[in-house]
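Because only heavy atoms are used, hydrogens play no part in the values below, and waters and symmetry mates are left out as well, while side chains stay in.
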Amino acid sequence: MKNSCGKSTDETDTVFQHSAGGIVFRHADMRPEVVIIKTAEEGRWQIPKGLIDPGESVQDAAIREVREETGLECEIIAPLDTIEYWFFGYYDGPRKRYHKRVDFFLMRAVGGDTSRHDAEVIEVRWVSIGDAEKMLSFENERQVLAKAAEKFQH
């Protein structure tokens, strides 16, 4: 298949990535707050998440990634949602198409310190659900947040 420039449209390799992360919550003055992170590279507000290491369970990866990116020790309360999306990137060489699946969990902070986040993150912030909804950069993450907020109501 060729595009309008005469180049083949199927020359781009596709890479599948599987990640895990979590909506971490706490109650402050009887209302829930969640943790969001601002990424160092893109400067976007996001839910903490990252790639699953070989041999690692999805749940262990979610807890590890949240700890690395937020500095918080957490426990999983419940599975929350799975999202999938496509993007292009130049990681490790030539441009590739990425198909990413992210499994999210509802988590409760049980310890740690937000100042102990890794270098991939420039800021970790506890915010109200309403503020998080306004600040998150991606619609699919706002939808995951909405599912977490429904669980707070029950």
Side-chain angles (χ1 to χ4, degrees), residues 1-25 33-127 129 131-149:
M1 182 181 286
K2 298 196 182 229
N3 64 17
S4 61
C5 297
K7 292 184 180 176
S8 174
T9 57
D10 55 4
E11 290 178 10
T12 305
D13 290 334
T14 299
V15 176
F16 177 76
Q17 292 183 330
H18 192 182
S19 292
I23 299 278
V24 182
F25 76 95
E33 289 184 329
V34 295
V35 164
I36 58 174
I37 61 167
K38 190 172 190 179
T39 58
E41 189 172 325
E42 302 93 358
R44 298 186 291 223
W45 288 103
Q46 298 179 191
I47 298 170
K49 63 185 175 301
L51 293 173
I52 299 169
D53 289 337
E56 187 176 36
S57 74
V58 175
Q59 294 84 354
D60 287 346
I63 290 169
R64 176 185 52 78
E65 283 292 340
V66 168
R67 181 181 60 248
E68 289 174 0
E69 294 187 349
T70 68
L72 298 172
E73 298 293 332
C74 297
E75 63 182 3
I76 292 176
I77 305 303
L80 198 50
D81 198 9
T82 298
I83 61 173
E84 292 191 53
Y85 54 95
W86 295 81
F87 64 96
F88 287 92
Y90 291 91
Y91 310 107
D92 303 321
R95 182 175 190 251
K96 293 181 182 123
R97 178 178 45 204
Y98 290 84
H99 177 196
K100 189 161 200 160
R101 172 189 168 139
V102 186
D103 293 309
F104 285 105
F105 297 87
L106 182 62
M107 298 180 172
R108 177 177 32 238
V110 295
D113 183 337
T114 58
S115 68
R116 298 180 58 106
H117 61 80
D118 67 15
E120 293 178 33
V121 173
I122 56 176
E123 187 175 351
V124 178
R125 194 181 293 182
W126 285 103
V127 295
I129 292 172
D131 286 346
E133 188 176 281
K134 293 174 195 164
M135 294 169 72
L136 287 172
S137 297
F138 300 110
E139 175 60 29
N140 56 8
E141 291 192 359
R142 286 190 288 277
Q143 292 171 0
V144 172
L145 176 67
K147 289 184 180 183

| note | Sorted by chain and residue number, the salt bridge (charged side-chain N to carboxylate O under 4.0 Å, His left out) partners of K100 (sequence neighbours excluded) come out as none

| query | When rounded to the nearest 0.5 angstrom, what is the spacing between CD1 in I47 and CD1 in I83? | reply | 7.0 Å

| field | Least distance between heavy atoms, S57 atom then I52 atom | value | O-CG2, 4.3 Å

| field | Residue pair W126 / F25: nearest heavy atoms and the distance that separates them | value | CZ3-C, 3.8 Å

| said: One pair to check against side chain to side chain donor-acceptor pair (under 3.5 Å): R44 and T39. What are the steps and the verdict? | reply: CA-CA 5 Å; R44 298 186 291 223; T39 58; 4.9 Å; no

| request: State which residues pass ring pair (Phe, Tyr, Trp, His ring centres under 6.0 Å) with H99; sequence neighbours excluded, sorted by chain then number. | output: F16, W86

| said: Are more than 12 heavy atoms, taken from residues, nucleotides or ligands other than E41, located less than 6.0 Å from that residue's CD atom? | reply: no

| remark: Of all heavy-atom pairs linking L145 and A132, the shortest is CD2-CB, 3.7 Å

| Which residues share a salt bridge (charged side-chain N to carboxylate O under 4.0 Å, His left out) with R101, sequence neighbours left out | D103

| Among all residues two or more places apart in sequence or in another chain, which pass the side chain to side chain donor-acceptor pair (under 3.5 Å) test with S137? | none

| note | Here the pair of heavy atoms bringing V34 nearest to I23 is CG1-CG2, 3.8 Å

| Can you name the residues that form a salt bridge (charged side-chain N to carboxylate O under 4.0 Å, His left out) with E139, not counting sequence neighbours? | R142

| Contacts of type salt bridge (charged side-chain N to carboxylate O under 4.0 Å, His left out), residue E120, not counting sequence neighbours | none

| message | Is it the case that the side chain of E141 and the backbone of Q46 share a donor-acceptor pair, with hydrogens and angles ignored and the cut-off at 3.5 Å? | response | no

| task | Hey, could you give me the OG1/NE2 distance between T82 and H18, rounded to the nearest 0.5 Å? | result | 7.0 Å

| said: Among residues at least two apart in sequence or on other chains, which ones pass side chain to side chain donor-acceptor pair (under 3.5 Å) with T114? | reply: none

| remark: Closest non-hydrogen atoms of E65 and G50, given as atom of the first, atom of the second and distance, are CD-CA, 3.3 Å

| task | For R125, enumerate each residue passing the side chain to side chain contact (heavy atoms under 4.5 Å, CB included) test, keeping only those at least two apart in sequence or located in another chain. | result | W45, E123, V127, M135

| note | Closest non-hydrogen contact found for I37 with P48 is CD1-CA, 3.9 Å

| message | Run the side chain to side chain donor-acceptor pair (under 3.5 Å) test against D113 and tell me which residues pass, sequence neighbours left out. | response | S115

| message | Do F105 and V58 make a side-chain contact, defined as non-hydrogen atoms from C-beta onward lying under 4.5 Å apart? | response | yes

| side chain to side chain donor-acceptor pair (under 3.5 Å) partners for N140, two or more places apart | none

With a 3.5 Å cut-off and sequence neighbours excluded, list the donor-acceptor pairs that the side chains of residues 68-77 form with protein atoms.
| unit_1 | atom_1 | unit_2 | atom_2 | d |
| --- | --- | --- | --- | --- |
| E68 | OE1 | R64 | NH1 | 3.4 |
| E68 | OE2 | R64 | NH1 | 3.3 |
| E69 | OE1 | K49 | N | 3.0 |
| T70 | OG1 | V66 | O | 2.5 |
| T70 | OG1 | L72 | N | 3.1 |
| E75 | OE2 | R108 | NE | 2.9 |
| E75 | OE2 | R108 | NH2 | 2.8 |

| query | How would you list, by chain and number, every residue that makes a ring pair (Phe, Tyr, Trp, His ring centres under 6.0 Å) with F138, sequence neighbours excluded? | reply | none

